[in-house]
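Comments concern the structure below.
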Amino acid sequence: MAQYKLDELDRKILRLIINDARLPNLEVARLCGISGTAVYQRLQRLNNLGVLHGTHYDIDAEKIGYETCAYIGLFLKDPERFDKVVEALRKIPEVVECHYTTGSFDMFIKIYAHNNHHLLSLIHDKLQPLGLSRSETIISFHEAFTRPLCIDSDAAQQQ
């Protein structure tokens, strides 16, 4: 996978929009001491390179009735079916993340359910028919924190 080397201006722009994705480009430009056009061009380039993947709002799942958050390790009967399983998982709205993993799981997913009963029905009715030999579920009591990747980390600076 190709890597893009961020310069200091890229980092400054990213720090600003990570903290507030709704910050207008002209305000980002003012804070960076450059033109609005330059900010727009930088953001377009970062989008085109795949560094940025658009913007989104974070939804508080509990406030809209999804009280159970779970992480599920999936063991496939036939690991050659990865692509078909991923395609089927995309069609389950409650599945919000899917990862290929190392270790004992073939895949690892994050899923939201209204409650434990709903989670059980999702596992039984929607996940098991995908060709699982078994699954392991971890229920999250509460998300302590979540944050975007820090672009000032040592790894980002070494690029």
Side-chain angles (χ1 to χ4, degrees), residues 1-6 10-11 13-25 28 42-159:
M1 178 181 296
Q3 293 183 356
Y4 176 73
K5 183 174 170 68
L6 299 174
D10 288 333
R11 283 190 187 84
I13 292 169
L14 289 173
R15 277 193 298 271
L16 289 167
I17 66 171
I18 284 169
N19 290 327
D20 183 359
R22 294 184 289 176
L23 192 64
N25 284 355
V28 173
R42 290 274 180 146
L43 291 174
Q44 283 300 112
R45 188 179 76 243
L46 292 171
N47 270 303
N48 292 340
L49 292 167
V51 173
L52 291 175
H53 298 279
T55 59
H56 68 278
Y57 289 99
D58 292 326
I59 296 173
D60 185 325
E62 281 188 71
K63 290 188 176 164
I64 61 169
Y66 289 87
E67 296 178 5
T68 301
C69 173
Y71 296 87
I72 305 175
L74 305 177
F75 298 86
L76 304 181
K77 288 179 187 172
D78 182 6
E80 292 180 11
R81 296 196 64 233
F82 271 111
D83 293 339
K84 289 182 181 180
V85 172
V86 169
E87 186 179 315
L89 288 169
R90 284 185 195 276
K91 294 176 183 174
I92 303 171
E94 294 89 349
V95 176
V96 296
E97 290 181 24
C98 177
H99 302 267
Y100 296 117
T101 62
T102 61
S104 58
F105 303 126
D106 293 316
M107 295 176 161
F108 199 71
I109 64 172
K110 180 178 181 182
I111 190 167
Y112 283 102
H114 295 294
N115 51 41
N116 289 348
H117 181 73
H118 181 216
L119 177 61
L120 177 62
S121 77
L122 287 169
I123 293 168
H124 184 266
D125 299 337
K126 295 200 175 175
L127 297 180
Q128 286 298 331
L130 300 179
L132 304 183
S133 60
R134 67 187 183 98
S135 63
E136 289 185 18
T137 303
I138 301 167
I139 293 177
S140 170
F141 289 132
H142 178 73
E143 181 179 277
F145 71 88
T146 186
R147 63 180 170 208
L149 177 66
C150 177
I151 61 161
D152 286 332
S153 71
D154 290 338
Q157 290 179 2
Q158 290 174 5
Q159 292 183 18

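Atom CD1 of I109 sits about 9.0 Å away from atom CG of L122, to the nearest 0.5 Å. Of the inter-residue distances, the one linking N115 atom CG with L120 atom CG reads 10.0 Å to the nearest 0.5 angstrom. Taken from NZ in K110 to NE2 in H99, the straight-line distance is 8.5 Å, to the nearest 0.5 Å. Atoms CD1 and NZ, from I111 and K126 in turn, are 8.5 Å apart once rounded to the nearest 0.5 Å. We find the CD-NE2 distance between E62 and H142 to be 8.0 Å, quoted to the nearest 0.5 Å. Note that NE2 of H118 and CG of D125 are 9.5 Å apart. Values are rounded to the nearest 0.5 Å.
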Requested in this report: Report the C-alpha separation of I17 and L43 in whole Å, then their side-chain angles, then the decisive distance to 0.1 Å, and conclude whether the side chain to side chain contact (heavy atoms under 4.5 Å, CB included) test is met.
Outcome: CA-CA 10 Å; I17 66 171; L43 291 174; 3.7 Å; yes

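In this structure, the side chain of D20 does not engage the main chain of L16 through any donor-acceptor pair within 3.5 Å.
Residues passing the side-chain contact (heavy atoms from CB on, under 4.5 Å) test with Y100 are F82, D83, V86, M107, sequence neighbours excluded.
Counting heavy-atom neighbours within 6.0 Å of E97 CD, excluding the residue itself, gives a total above 12. Applying the 6.0 Å contact sphere to CD1 of I139 captures more than 12 heavy atoms from other residues, nucleotides or ligands.
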Hey, can you pull the donor-acceptor pairs under 3.5 Å for the side chains in residues 65-77, sequence neighbours left out?
from	atom 1	to	atom 2	distance (Å)
T68	OG1	N116	OD1	3.3

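Taking each heavy atom of V85 and L130 in turn, the nearest pair found is CG2-O, 3.7 Å. Between L149 and I18, the closest heavy-atom pair is O-CD1, 4.0 Å. Taking all atoms of both residues into account, the shortest heavy-atom contact from N47 to H53 is OD1-N, 4.3 Å. K5 approaches D10 most closely through the heavy-atom pair O-OD2, 4.3 Å. The minimum heavy-atom distance linking I92 with L127 is given by the pair CD1-CD2, 4.0 Å.
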